[in-house]
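Atoms within a ligand are numbered from 1 in the order they appear, just like the ligands themselves.
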Amino acid sequence: PKTIFSGIQPTGVPHLGNYLGALREWVNLQDNATTDTTLIYSLVDLHAITIRQDPKQLRQWKKESLAMLLAIGLDPNRSIIFHQSDVPAHAELMWILSCQASTGYLGRMTQWKDKTANEKGSSEKLKLGLFSYPVLQAADVLVHRTTHVPVGHDQAQHLEFAREVANGFNHTFETDVLFAPETIISPAKRVMSLTDPVAKMSKSHANPKSRILLTDSEEVIRSKVKAAVTDSIDGITYDPERRPGVSNLFDILYHADPRRNDHDQAELVKDLQGSSMRIFKDRVADTVNAAIKDIRARYEDLVHDEGYLQDVAEQGARKANESAAATLREVKNAVGLA
Ligand code: TYM
């Protein structure tokens, strides 16, 4: 039997990077799962508060993110979908794992170094929750005895840490209660920003034109793609080093196309090499719009269905609490707490 777990922060409408890099894989795994596979997907609100959030905004984002997980095709009868803070075992296991985790390892994590690079010397302002973020993420996957975690490339290091914590715990307490899970990195593992194609597309970037949201209308998609940074080299070629902007659009075009598995990316590049930038960008916008237009329409209906969203969240919390309780009990036993 397999257990698949993954999470997304409810800090805004998911973008095309979230979708191609992770969310679409979540749905594929669900749709191709056999009956002995458990699928668990979390809106990780406790992770979201590692940076300051406005309470009203966070509450709204939680609701919108849940509606989006349903709109992309997750089925609450097949997948357990829940808000992380509704399942206290995540935070409880995190504490126990915190007593195992090395501060040296945490201090070397890329995300910590990136997020604190501007705050050098002002550790008064740096919050403990941001530092221990990976420990909570380890607890998320370990508390459900996950076997596989589908994510984008930027989460690989966090999951390496989770395996380290699981193995360390098992070794210290001479047990095998925790499973070290496997990371599944999707083919579209790193979708880049449209305005700064050497940085990844992100929810928090100041410029809204840097990302395509799953709720963007066709016109908005078209205008963002049109404004995407490319270069002044003639023709269309694929060369991520020298032409990061054009190559990112190629990646988006390739991965957003539902028929991508019928041909490889080199063929697509050959097909388009004689096109103008305008025609190339039109094709990118058309393909992205086709890939997300049904999601957008379903989302508009779902987000207003408060009663249904609440039912889904309650049902998800109940099942996730059940799944987590068994592991937590054994962990407490192993440590001598129970
Ligand atoms: P988050 O909310 O930043 O992103 C959710 C998922 O989207 C992927 N992703 C991308 N993939 C490709 N290109 C991009 N530009 C891009 N941006 C984001 C991420 O890799 C991720 O899979 N720490 C996690 C949430 C988390 C989690 C977990 C994940 C908490 N606990 C346990 C897996 C297992 C995060 O902040 O993801």
Visitor: For ligand 1, would you mind listing the residues that have at least one heavy atom less than 4.0 Å away, ordered by chain and number?
Guide: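 Heavy-atom contacts below 4.0 Å: F5, S6, G7, I8, Q9, H15, G17, N18, G21, A22, V44, H47, Y133, Q137, D140, V141, V149, V151, G152, D154, Q155, A188, K189, R190, V191, K200, M201, K203.
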Visitor: With side-chain hydrogen bond (donor to acceptor under 3.5 Å, both in side chains) as the rule and sequence neighbours excluded, what pairs involving residues 177-190 come up?
Guide: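 Matches after skipping sequence neighbours: R163-T183.
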Visitor: With a cut-off of 3.5 Å and sequence neighbours excluded, list every side-chain donor-acceptor pair involving residues 331-338.
Guide:
from	atom 1	to	atom 2	distance (Å)
K332	NZ	E92	OE2	2.7

Visitor: Quick check: closest heavy atoms across T146 and F179, and the distance to 0.1 Å?
Guide: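 For T146 and F179, the tightest heavy-atom pair comes out as O-CB, 4.0 Å.
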Visitor: Do any side-chain atoms of residues 287-294 form donor-acceptor pairs under 3.5 angstrom with protein atoms, and if so which ones, sequence neighbours left out?
Guide:
from	atom 1	to	atom 2	distance (Å)
T287	OG1	R283	O	2.8
N289	OD1	R296	NH1	2.9
N289	OD1	R296	NH2	3.1
N289	ND2	E218	OE1	3.4

Visitor: Aromatic contact between H90 and H83, with the criterion being ring centroids under 6.0 Å apart: yes or no?
Guide: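 So the answer is no for these two rings.
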Visitor: Could you report the tightest heavy-atom contact between A101 and L106, atom names first, then the distance?
Guide: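 Closest approach of A101 to L106: CB-CD1, 4.5 Å.
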